[in-house]
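Residue numbers start at 1 and run along the sequence shown. Keep in mind that what you see is a predicted model, and the values were worked out from it rather than measured. For the numbers below, each heavy atom of this structure counts, side chains included, while hydrogens, waters and symmetry mates do not.
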Amino acid sequence: MTSLGLFAIVITLSTVFGIINHRLLRLPLTVGVLVISLLVSGVLVLADVFLPWRGAHMAHQLLAQIDMPTSVMQGALAFLLFAGALGVDMHYLLLRKFSVIALAILGTLLAVILFAGGIWGVFHLVGLSVSPAWCVVLGAILAPTDPISVVGMLRRLGLPGQVQALFAGESLLNDGVGVVIFTVALGVAHEDHPVSVLHLAEAFALEAGGGVLLGLVCGWLAVRAIRLVKDPHLELFISLALCSGVYSLAGAWGLSGPIAVVMAGFMVAAPRTQAMISPTGRKDMRLFWGLVDEILNIMLFVLIGFQVLNVAFNVPLLMAMALAVPLSILARGLSVLLAMLPLYVSQQDRMGVLAVLTWGGLRGGISVSLALSLPEGPMRDILMGVCYAVVVFTILVQGLSIGPVVRKFHSSEQESSA
């Protein structure tokens with residue numbers, strides 16, 4: 001099937017599921033299409049068991065043609081991260097820059113270590129033989145949070161601007177940090193021999209630091225180009241060229257594409273750059289990238305729902321999946337607390353912010369794509385199952401209940417400041 005045919009299938013399913021959600025479920029759009037795609041996947045599996053047809057097998061073949069890891073990591077992710085970076089309030093982000101850096105780097109590293117240690121014990125408890133190196137790989141898979149889909153809801157609920165910026169900035173940057181850790185950890189686990197800490201630190205610094213530098217340089221060049229024009233269409237084209245170009249260059253040079261594209265997006269989102277763009281250009285750019293973000297998110301959540309067909313379930317794996325969910329929440333909470341504690345020791349709102357950051361730490365398409373990119377073998381099946389359980393739980397349960405958590409935090413904050 002052609003690429004256009006595959007795109008047509010996914011966008012049509014997204015549209016149909018969106019209409020069903022709008023008429024019946026009334027859930028947030030991304031969550032609603034995920035629920036429906038999960039239900040359709042379940043129906044396909046049951047139909048294969050009780051009816052003489054091969055619907056699940058056909059769907060599995062279609063998913064293999066779509067190649068979700070490549071589609072997300074080498075395509076959609078660049079546009080999603082750039083769109084998210086453009087939507088960040090840079091004034092508030094700069095006010096919380098140290099908190100964002102602490103969460104994105106230290107918090108992500110802590111999340112990987114804490115979850116890896118805990119899941120190693122879980123695997124031994126249920127009788128699955130998984131080495132510590134592969135547990136670190138799984139920790140890196142689940143470290144990147146994907147709360148971009150709820151940032152709009154946080155804004156509508158009236159969360160303070162600084163916390164919105166902290167929430168969005170951390171989610172954008174820890175995607176890149178998590179992917180870098182995953183790449184390094186996968187090399188260690190796959191080669192199955194010890195690597196020095198110095199070597200790991202050098203590899204991390206090269207990918208992450210190089211990504212930051214490349215993003216800033218390309219962003220500066222794009223800003224210089226914007227100064228030369230006052231045409232809304234050209235300004236939009238510059239942003240498109242910047243997004244796709246910086247991500248492609250980073251991949252070709254062995255640097256972190258996610259980090260590079262986020263830094264480039266921050267350069268365009270800066271108040272000084274926005275002042276250079278014509279009023280019509282700012283409006284068109286905001287509308288265009290908002291639509292790109294919405295469309296790609298919906299398509300991605302549809303694909304996530306169908307990925308259940310790739311999980312090979314068994315009793316020990318189901319037990320590990322059930323225990324991994326609370327473990328992921330605990331690891332996220334402890335990593336946020338330990339990363340933020342030095343910065344929030346004198347802040348009155350620290351517990352509310354920590355609660356929102358912990359419960360709002362959703363996992364999504366990046367985690368699923370990283371799991372699907374693992375080499376074939378028994379480790380892939382185990383890690384894929386655990387990853388899928390955590391992703392689905394965070395999206396359905398935490399995503400739907402983040403509103404009450406935010407309202408409780410915001411109301412308590414208002415009472416304390418009154």
Side-chain angles (χ1 to χ4, degrees), residues 76-101 103-104 147-148 151-152 154-155 160-177 208-251 253 255-297:
L77 182 59
F79 296 96
L80 285 169
L81 291 177
F82 191 82
L86 286 182
V88 174
D89 189 318
M90 293 302 296
H91 170 70
Y92 286 124
L93 182 66
L94 291 174
L95 289 177
R96 289 290 181 94
K97 56 183 178 294
F98 296 114
S99 299
V100 170
I101 294 171
L103 282 171
I148 297 174
V151 168
L154 295 176
R155 188 179 298 112
Q162 290 192 39
V163 182
Q164 289 183 37
L166 175 64
F167 203 86
E170 185 251 347
S171 73
L172 291 166
L173 289 175
N174 77 3
D175 288 345
V177 175
V212 170
L213 182 60
L214 178 63
L216 292 176
V217 170
C218 291
W220 179 82
L221 292 174
V223 171
R224 300 291 295 182
I226 288 173
R227 292 181 62 181
L228 299 176
V229 301
K230 286 298 179 183
D231 183 280
H233 293 166
L234 284 176
E235 290 164 345
L236 182 56
F237 269 103
I238 291 170
S239 69
L240 271 170
L242 174 62
C243 172
S244 56
V246 72
Y247 197 89
S248 300
L249 279 176
W253 293 346
L255 307 177
S256 172
I259 292 178
V261 79
V262 168
M263 298 309 298
F266 285 163
M267 291 287 289
V268 178
R272 181 174 296 181
T273 305
Q274 290 295 303
M276 299 177 188
I277 302 173
S278 63
T280 303
R282 286 197 298 271
K283 180 181 177 181
D284 290 350
M285 197 175 293
R286 185 166 53 247
L287 177 62
F288 173 81
W289 285 106
L291 286 173
V292 167
D293 185 46
E294 184 77 9
I295 292 169
L296 290 179
N297 261 309

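- In this structure, CG in Leu77 is found 6.5 Å from CG in Asp175, a value given to the nearest 0.5 Å.
- Side-chain contact check for His91 versus Leu95: some heavy-atom pair is nearer than 4.5 Å.
- Dense packing is recorded around NZ of Lys97, with more than 12 heavy atoms of other residues, nucleotides or ligands lying under 6.0 Å away.
- For Ser239 (side chain) and Leu236 (main-chain N/O), a donor-acceptor pair under 3.5 Å exists by modelled atom type.
- In this structure, Leu234 CG and Ile277 CD1 are separated by 12.5 Å, a value rounded to the nearest 0.5 Å.
- The nearest pair of heavy atoms linking Gly257 to Ala250 is CA-CB, 3.5 Å.
- Between Met267 atom CE and Leu216 atom CG the span is 6.0 Å, to the nearest 0.5 Å.
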Begin with the C-alpha distance, continue with both residues' side-chain angles, and end with the deciding distance and a verdict on side chain to side chain contact (heavy atoms under 4.5 Å, CB included) for Phe82 and Val268.
CA-CA 10 Å; Phe82 191 82; Val268 178; 4.3 Å; yes
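- Using a 4.5 Å heavy-atom cutoff, the side chains of Leu103 and Asn174 are not in contact.
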Checking side chain to side chain contact (heavy atoms under 4.5 Å, CB included) for the pair Val229/Ile238: CA distance, chi angles, key distance, verdict?
CA-CA 10 Å; Val229 301; Ile238 291 170; 4.1 Å; yes
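- Residue Phe288 places its CZ atom among more than 12 non-hydrogen atoms of other residues, nucleotides or ligands, all under 6.0 Å distant.
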Side chain to side chain contact (heavy atoms under 4.5 Å, CB included) between Gln164 and Asp89: does it pass, once the steps are laid out?
CA-CA 8 Å; Gln164 289 183 37; Asp89 189 318; over 6 Å; no
Worked check of side chain to side chain contact (heavy atoms under 4.5 Å, CB included) between Met90 and Leu93:
CA-CA 5 Å; Met90 293 302 296; Leu93 182 66; 3.8 Å; yes
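- Smallest separation of non-hydrogen atoms from Ser278 and Glu235: OG-OE1, 3.0 Å.
- Closest non-hydrogen pair, Ala260 versus Val246, comes out as CB-CG2, 3.9 Å.
- Between Thr273 and Trp220 there is no side-chain heavy-atom pair separated by less than 4.5 Å.
- The minimum heavy-atom distance linking Val212 with Met263 is given by the pair CA-CG, 4.0 Å.
- Interatomic distance, CD1 of Ile259 versus OH of Tyr247, reported as 11.0 Å (0.5 Å rounding).
- Of all non-hydrogen atoms in Val261 and Ala78, the two that sit nearest each other are CG2-O, 3.7 Å.
- Scanning both residues, Leu242 and Ala222, for their nearest heavy atoms gives CD2-CB, 3.7 Å.
- Taking CD from Glu170 and CZ from Arg96, the interatomic distance works out to 12.5 Å, rounded to the nearest 0.5 Å.
- Here the CG-OH distance, from Leu166 to Tyr92, works out to 13.5 Å after rounding to the nearest 0.5 Å.
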